[in-house]
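A short worksheet on the structure shown next.
Note on naming: letters A, B, ... go to the chains in the order of the sequence lines (proteins, then strands), and numbering restarts at 1 for each one.
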Amino acid sequence: MGMTMTQKILAAHTGLSSVSAGQLIEADLDLVLGNDITSPVAINVMKGFSSDGVFDKEKIALVPDHFVPNKDIKSAENCSIVREFAKKHDITNYFEVGEMGIEHALLPEKGLTLPGQVIIGADSHTCTYGALGAFSTGVGSTDMAAGMSTGKAWFKVPGAIKVVLTGSMTGSVSGKDLILHLIGMIGVDGALYRSVEFTGPGVSALSMDDRFTIANMAIECGAKNGIFPVDEQTQEYLQEHAPGKEYKVYLPDPDAVYDEVINIDLSALRPTVAFPHLPSNTKTVDEIDEKIRIDQVVIGSCTNGRISDIRKAAEILKGRHVAKGIRLIVIPATQSIYLQSLREGLIETIIEAGGVVSTPTCGPCLGGYMGVMSAGERCVSTTNRNFIGRMGDKTSEIYLASPATAAASAVAGYITEAGIN
Amino acid sequence: MENAHGHVFKYGDNIDTDVIIPARYLADSDPKALAAHCMEDIDDTFPGKVHKGDIMVGGKNFGCGSSREHAPIAIKASGVSAVVASSFARIFYRNAINIGLPILECPEAAEQIQDGDEVGIEFGTGIITDFTTGKTFKGQSFPEFMQDLIDAGGLVNFVNSK
């Protein structure tokens with residue numbers, strides 16, 4: 001029986017010639033990731049292991065990014081635990097403030113995530129690296145601890161949904177609109193326990209940044225992982241970010257078995273917004289028939305804080321000003337994206353338009369700091385979750401959208417499509 | 001043998017880890033400190049009302065969202081002896097098994113058991129009994145590999161035993 005892309009990668013990391021959906025396996029890991037929230041818990045769990053060493057100091061990435069620069073004393077203590085652990089075990093890929101970024105933007109940029117790899121991370125958005133043709137999935141701290149110690153993790157081999165993309169996107173439509181559309185279609189548990197494999201002629205029309213955004217939010221429809229095939233664009237990205245590194249490309253078998261096939265015509269997509277309090281609660285801008293007034297706009301996160309996102313926002317803000325009373329917070333996802341934005345004059349454009357620009361942090365996305373909302377406030381955000389209380393008070397509201405829609409809404413003061421005002 | 005017995009706290013579909021334990025409390029990973037804020041954004045009476053042994057019942061996709069292990073830790077530290085749901089989000093499912101919080105998938109039980117009912121569960125057989133209504137349900141038992149993991153007392157002991 002044919003295997004999906006994901007199944008082939010898992011089989012190769014298990015030493016088996018084939019695996020099938022539902023099978024329990026133990027796979028070798030190429031990378032184990034943690035952040036400042038999840039790593040301290042994992043480090044504590046590791047104290048219970050009979051051996052306190054790590055399996056490979058080069059295959060662990062520790063990225064304090066959620067509450068850094070430290071937002072309070074407890075965050076500072078968590079970062080100290082991670083820092084000391086990294087020092088003790090001489091972890092190659094520990095990223096201090098000044099060289100860090102939001103983990104899922106940073107690791108591909110540093111060339112640490114490659115096609116064909118098996119990656120686990122104690123962060124649910126670890127599925128981002130599927131954009132590069134890797135099997136990558138989120139786990140908890142105990143799994144991270146076991147992974148750091150043994151270099152292995154157990155998995156139930158997932159079945160898959162095949163998403164066939166055709167055509168190309170028009171106007172301000174981006175990868176964010178595509179993934180919100182898909183989540184709206186199948187629901188927040190539509191791909192539960194399964195892979196989402198993107199394929200079809202439309203893939204080549206998606207930029208790498210779009211693919212990162214799409215794979216990143218696979219978890220929001222319950223998927224174990226989202227994955228793209230490796231094409232010329234992927235190879236170009238890897239030449240730039242991981243020069244000289246070897247990797248293996250896996251294609252699905254022609255007779256691979258899929259639970260479901262979904263066809264999406266990219267040219268038919270419209271800017272899409274997820275209303276509170278689920279990412280599946282989507283409407284296209286054409287279906288919004290009232291002026292939804294907002295208080296805050298956040299552009300950033302592991303979903304949409306990449307250079308093309310900042311460029312898109314700046315393009316819309318150029319020569320304009322955010323509406324009176326609207327707080328626009330822009331967060332480039334890594335130091336390198338921040339510097340590039342500075343060199344291209346994007347930061348200047350954003351500040352002149354009345355926005356603020358922050359150092360890389362997950363900050364407001366999970367209601368940590370740098371944009372927490374009070375009771376009843378509303379935010380249009382390029383982040384990934386709009387659950388109750390996610391960005392502050394339990395009565396505050398998050399509307400998920402693309403950077404273009406977010407920037408246009410900041411100027412208008414209410415939710416609107418880019419390019420119509 | 002009955003392994004869990006208590007009163008039910010019932011919640012709906014898609015109970016996410018942000019409501020189980022809001023991120024504003026994640027700088028602290030002490031189980032008791034987390035338990036003090038468990039479920040507060042949708043039910044601020046939960047931390048005060050829950051008793052040791054009580055059972056949480058949810059709808060579909062329980063535990064969706066973030067990978068924070070703080071979520072099953074907060075539920076377990078609240079005294080909850082088991083969670084029954086129609087389905088679980090996969091990271092929460094792994095985390096619960098890894099830290100030793102018993103969970104059972106059973107759509108019929110999740111639908112028919114009501115808030116406040118007195119319920120008992122046998123983990124070995126997956127039998128769930130609602131003493132308030134007299135109904136019994138059969139939850140999905142774990143695959144052998146996971147049962148071994150649970151029997152070992154979680155992933156830490158499992159790794160050490162190899």
Worksheet item: With sequence neighbours left out, what residues match Lys394(A) under salt bridge (charged side-chain N to carboxylate O under 4.0 Å, His left out)?
Response: Asp44(B)

Discussion item. Between Leu192(A) and chain B, with a heavy-atom cut-off of 4.5 Å, which part of the residue counts as in contact: side chain, backbone, both or neither?
Written reply: side chain

Fill in: Residue among Val139(A), Leu24(A), Thr126(A), Ile388(A) with most heavy-atom pairs under 4.5 Å to chain B
Val139(A)

Worksheet item: Contact part of Phe67(A) toward chain B, heavy-atom cut-off under 4.5 Å: side chain, backbone, both or neither?
Response: side chain

Worksheet item: With the threshold set at 4.0 Å, does a side-chain nitrogen-carboxylate oxygen contact exist between Glu260(A) and Arg194(A)?
Response: yes

Practice prompt. Under 4.5 Å heavy-atom distance to chain B, tell me which part of Val41(A) shows up: side chain, backbone, both or neither.
Written response: side chain

Response to the item:
Applying side-chain hydrogen bond (donor to acceptor under 3.5 Å, both in side chains) to Ser136(A) and not counting sequence neighbours gives none

Response to the item:
Looking only at Ser66(B), Pro72(B), Ser29(B), most heavy-atom pairs under 4.5 Å shared with chain A are made by Ser66(B)

Worksheet entry | Contact summary for Pro364(A) and Gly371(A), nearest pair of heavy atoms | CB-O, 3.9 Å

Practice prompt. Could you have a look at Ile99(B), Ile73(B), Asp13(B), Asp41(B) and say which one has the most heavy-atom pairs with chain A under 4.5 angstrom?
Written response: Asp41(B)

Worksheet entry | Test side chain to side chain contact (heavy atoms under 4.5 Å, CB included) applied to Glu69(B) and Thr38(A), step by step | CA-CA 8 Å; Glu69(B) 210 158 283; Thr38(A) 56; over 6 Å; no

Discussion item. Check Arg390(A) with Asp18(B), please: is the shortest side-chain N to carboxylate O separation under 4.0 Å?
Written reply: yes

Discussion item. Any salt bridge linking Lys152(A) with Asp28(A)? Criterion: basic side-chain nitrogen under 4.0 Å from a carboxylate oxygen.
Written reply: yes

Worksheet item: Contact part of Asn95(B) toward chain A, heavy-atom cut-off under 4.5 Å: side chain, backbone, both or neither?
Response: side chain

Worksheet entry | chain A contact via Val159(B) - side chain, backbone, both or neither, heavy atoms under 4.5 Å | side chain

Discussion item. Under a 4.5 Å cutoff for heavy-atom pairs, which residue among Asp393(A), Asn44(A), Val45(A), Thr137(A) has the most contacts with chain B?
Written reply: Thr137(A)

Discussion item. Show every ring pair (Phe, Tyr, Trp, His ring centres under 6.0 Å) that has at least one partner inside residues 91-110 of chain B, sequence neighbours left out.
Written reply: Phe62(B)-Phe92(B)

Item to complete: Considering only NZ, NE, NH1 and NH2 on the basic side and carboxylate oxygens on the acidic side, decide whether Arg24(B) and Glu40(B) come within less than 4.0 Å.
Response: yes

Worksheet item: Are the aromatic rings of Tyr25(B) and His70(B) close, with centres under 6.0 Å apart?
Response: no

Discussion item. Is Thr150(A) close to chain B through its backbone or its side chain, or both, or neither, when contacts mean heavy atoms under 4.5 Å?
Written reply: side chain

Discussion item. I need the contact set between residues 74-83 of chain A and chain B: heavy-atom distance under 4.5 Å, sorted by residue number.
Written reply: Lys74(A), Ser75(A), Asn78(A)

Discussion item. Under 6.0 Å between ring centres: does that hold for Phe387(A) and His277(A)?
Written reply: no

Response to the item:
If one checks every heavy atom of Ile73(A) against chain B at 4.5 Å, the contacting part turns out to be neither

Worksheet item: Side chain, backbone, both or neither: which part of Ile37(A) has an atom under 4.5 Å from a heavy atom of chain B?
Response: both

Fill in: Residue, of Gly65(B), Cys64(B), Ala23(B), Ala89(B), that accumulates the most heavy atom pairs under 4.5 Å with chain A
Gly65(B)

Item to complete: Quick one: closest heavy-atom pair of Val80(B) and Met56(B), and the distance?
Response: CG1-N, 3.9 Å

